[in-house]
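Below: the structure, in structure tokens.
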Number of protein chains: 2
Amino acid sequence: MPDIRVLLVDDHPVVRAGLRAMLADFDGVTVVSEAADGGAALAELSRLHALGEPVDLVLMDLQMGGGMDGVTATGRIKAGEAGSPPPPVLILTTYDTDADILAAVEAGAAGYMLKDAPPEQIRQAVVSAAAGQTALAPGVAAKLMGHLRNPETALSPRELQILELLATGLGNRAIARQLFISEATVKTHLVHIYGKLVVDNRTAAISVARQKRIIRDS
Amino acid sequence: MPDIRVLLVDDHPVVRAGLRAMLADFDGVTVVSEAADGGAALAELSRLHALGEPVDLVLMDLQMGGGMDGVTATGRIKAGEAGSPPPPVLILTTYDTDADILAAVEAGAAGYMLKDAPPEQIRQAVVSAAAGQTALAPGVAAKLMGHLRNPETALSPRELQILELLATGLGNRAIARQLFISEATVKTHLVHIYGKLVVDNRTAAISVARQKRIIRDS
DNA sequence: CGCGGCATCAACCAATTGGTTGATTCAGCC
DNA sequence: GGCTGAATCAACCAATTGGTTGATGCCGCG
């Protein structure tokens, strides 16, 4: 049984060093290369693919300093821009908000783990994701299951997008401009957001969304 | 020349693994122990001090999930709660806001490095901080100098109080009611707050205030 | 004493947000 | 095909927020 060949993608040298060391302790897993952002990951995948040394799993963070972020990179990997069949992507990050999880899952990530996870959990996730299964951190799985049980209270992707822009300080008109929609549409979405979060103004919506880890701290 | 004895403090196993590996490559540096938050760091320092095996340097993150944060722990270490003379504290974190840097420096940290720093920079910082010198990442030093040149106008205690209530989702009238003042007073304070934060609406004020760590979780 | 900063308050108007009602289109599902 | 949810848009009005001008009183400091 050949080793699972892993590409590490994280902008922090410390984290890459830690992952190398941690994965070196896992039987059946080999770190074949590293990259410091999404762009470098795409290039490295292409290079290895061209050499006939394909990667079995991409283990990647979401935030990459100034470089291409993990969600964008995941989308492009899944679109076959770095070789086909595209390898599964396992996200390993500190961010646990609905917005982050949703963006990664929609981009095609096979798994989502948090950096505070113990090594055994990460090992399980690596093995599962490489085998084509879904690999979610317990808290992330609970969040998604919560959404399945109470779908009527979950924000739609568009609602989430608007809420995030709201939290950065934009007014309705600025949000409309940025999303190329009308102000009336923004207001309609806000009405829906307020209803789902059971609030009656924007600052309360932002506060509740932060408390519930729907959006990140700014 | 004996090795610099280092205590690692970070809530992420991956990061601790990375730091162990990275520091293992540095001549003259030994990782003698680890802790996952500030409280555990204090306990470990006390334990080692009582065994006659004092630590030369604490390498510590700022955010520790649910545990004691790095600033609080730094303050208590410098106050001698874990043995005297207290070892220098070198902060290694992803956070580079002025408020975070200032808080750590004011708490007594000897250095402040960012996790995206290459290994050689971290090695230099470890050696400098252990030798009792200041060790700042280049970007951090620039920020501190900028802060000294242009001291930021601080919010008054009352302004802060109003901003905090605002961030919980209260409107002007509710804030006024809670503080037993008029709505006109609330609005006046908000005008001052917006001016100091250079924003023109409440959500932007909250966003900027959170970014600058003027306020924290709602 | 004069000054500046802080807290408080008011009046007035402009601008934005919140609430409601109504509508259309599209995609997915049964 | 009918239904539902999501996205989009409009009109209209009520409520709140933002901006400006002006004022008073208290405290600490030089």
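Quick note on labels: first sequence line is chain A, next is B, and so on, each numbered from 1.
Using a distance-only test at 3.5 Å, with no hydrogens or angles considered, no donor-acceptor pair links the side chain of A:R16 to the main chain of A:L8. Looking only at distances, no side-chain donor or acceptor of B:D10 sits under 3.5 Å from a matching main-chain atom of B:V15. The backbone N or O of A:A109 sits nowhere less than 3.5 Å from a side-chain atom of A:K78 that would complete a donor-acceptor pair. The backbone N or O of B:G169 lies less than 3.5 Å from a partner atom in the side chain of A:N201, making a donor-acceptor pair. Checking side-chain atoms of B:S128 against main-chain N and O of B:A125 turns up no donor-acceptor pair under 3.5 Å. Side chain of A:T74 to main chain of A:G70: a donor-acceptor pair is present (N/O by atom type, distance under 3.5 Å, no hydrogens or angles).
For DNA chain C, the neighbouring residues in residues 183-192 of chain A, judged by any heavy atom under 4.0 Å, are A:K187, A:V191. Residues from residues 156-163 of chain A with heavy atoms under 4.0 angstrom of DNA chain D, sorted by number: A:S156, A:R158.
Put simply, CD1 on A:I77 and CG on A:L7 are 7.5 Å apart, with the number rounded to the nearest 0.5 Å.
The two residues B:G65 and B:D11 make their nearest non-hydrogen contact at N-OD2, 3.2 Å. Scanning all heavy atoms of the two residues, the minimum distance from A:A129 to A:A110 falls at CB-CB, 4.5 Å.
Within the structure, every pair that satisfies the side-chain hydrogen bond (donor to acceptor under 3.5 Å, both in side chains) test and touches residues 169-185 of chain B, not counting sequence neighbours, is listed here: B:N172-B:R202, B:S182-B:T185.
One axis for each end of the helix from C:dC1-D:dG30 to C:dC30-D:dG1, each built from five base pairs, and the angle between them comes to 40° at 10° resolution.
With respect to A:R216, the salt bridge (Lys or Arg N to Asp or Glu O under 4.0 Å) criterion is satisfied by exactly one of A:D100, A:D96, A:D98: A:D100.
By the side chain to side chain donor-acceptor pair (under 3.5 Å) test, A:D3 pairs with A:T30, sequence neighbours left out.
In 5' to 3' order, the nucleotides of DNA chain C bounding all contacts with chain A (an atom under 4.0 Å from a heavy atom) are C:dT16 to C:dT20.
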